[in-house]
Amino acid sequence: VQLQASGGGLVQAGGSLRLSCAASGLASNSYSVAWFRQAPGKEREGVSCVRSGGGGSPYADSVKGRFTISRDSAKNTMYLQMNSLKPEDTAVYYCAGRRSRIVYSMCLDPSSYDYWGQGTLVTVSS
């Protein structure tokens, strides 16, 4: 199983970025996937997730209304559209996956996931 995150970069506050996470070794729609982020000196934070079998996607309070998660099953790729970026969004963003459905309440818990991508750095300048 491999998860390949991409799309990070440097952007000014108020700008947008779209992150991608390409999965291999996992059958499309049969696994749950999530985005996490970790800023220097801080704990890893769950951003949002897509659960296998569908259902609602939770978002961290800090990104609600600005970030949107989605999955393209045909491409076996997950996306995170990030709008109205703020300097506090600066972090390394990781995608994570697990082979089974996950309950909503555990969707943003990093211990729920078995596979992790390498991370992509997002830097938002003020």
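A donor-acceptor distance shorter than 3.5 angstrom exists from the side chain of Gln118 to the backbone of Ala5, with no hydrogens or angles considered. A side-chain donor-acceptor contact under 3.5 Å links Ser112 to the backbone of Met106. For Arg51 (side chain) and Cys107 (main-chain N/O), no donor-acceptor pair under 3.5 Å exists by modelled atom type.
With 3.5 Å as the limit, one finds a donor-acceptor pair spanning the side chains of Tyr31 and Asn76. In the model, Ser62 has a side-chain atom that pairs as donor or acceptor with a side-chain atom of Arg37 under 3.5 Å. The closest side-chain donor-acceptor pair between Arg98 and Tyr113, if any, does not fall under 3.5 angstrom.
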Residues Arg66, Met82; criterion side chain to side chain contact (heavy atoms under 4.5 Å, CB included); working and verdict: CA-CA 6 Å; Arg66 300 187 297 122; Met82 305 186 296; over 6 Å; no
Side chain to side chain contact (heavy atoms under 4.5 Å, CB included) between Ser32 and Ser52, intermediate numbers included: CA-CA 5 Å; Ser32 301; Ser52 66; 3.6 Å; yes
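In this structure, Lys64 pairs ionically with Asp61, as a charged nitrogen and a carboxylate oxygen lie closer than 4.0 Å.
Looking at heavy atoms from C-beta onward, Val1 lies in side-chain contact with Arg99 at the 4.5 angstrom threshold. Side-chain contact between Lys86 and Val124: absent, with no pair of heavy atoms (C-beta onward) separated by less than 4.5 Å. Phe36 has its side chain out of reach of Val92: every pair of non-hydrogen atoms, C-beta onward, lies at least 4.5 Å apart.
Scanning both residues, Ser16 and Ser84, for their nearest heavy atoms gives OG-N, 4.3 Å. What you find for Ser48 and Ile69 is that their closest heavy atoms are OG-CG2, 3.3 Å. Considering all non-hydrogen atoms of both residues, Ala23 and Leu3 come closest at CB-CD2, 3.6 Å. Ser125 and Leu10 get closest at one heavy-atom pair: CB-CD1, 4.4 Å. Residue Trp35 comes nearest to Ser20 through the heavy atom pair CH2-O, 3.5 Å, listed as atom of the first residue, atom of the second, then distance. Nearest approach of Ala91 to Leu121, heavy atoms of both residues: O-CD1, 3.6 Å.
One hydrophobic cluster holds both Val63 and Leu19 under the rule that ILVMFWY side chains link at heavy-atom gaps under 4.5 Å. Linking ILVMFWY residues whenever their side-chain heavy atoms come closer than 4.5 Å, directly or via other members, places Leu80 and Val122 in the same cluster. In terms of hydrophobic clustering, with Ile, Leu, Val, Met, Phe, Trp and Tyr side chains grouped at heavy-atom distances under 4.5 Å, Leu108 and Val33 are assigned to different clusters. In this structure, Tyr59 is a member of the same hydrophobic cluster as Met78, with clusters built from ILVMFWY side-chain heavy atoms closer than 4.5 Å.
Atom CD of Gln2 sits in a sparse spot, with 12 or fewer heavy atoms from other residues, nucleotides or ligands closer than 6.0 Å.
A cation-pi contact links Arg18 to Tyr79, judged by a cut-off of 6.0 Å to the six-membered ring centre and 45° from its axis.
In this structure, OH in Tyr115 is found 14.0 Å from SG in Cys95, a value given to the nearest 0.5 Å.
Ring geometry for Tyr94 versus Trp116: interplanar angle over 60°, hence perpendicular rather than tilted (30 to 60°).
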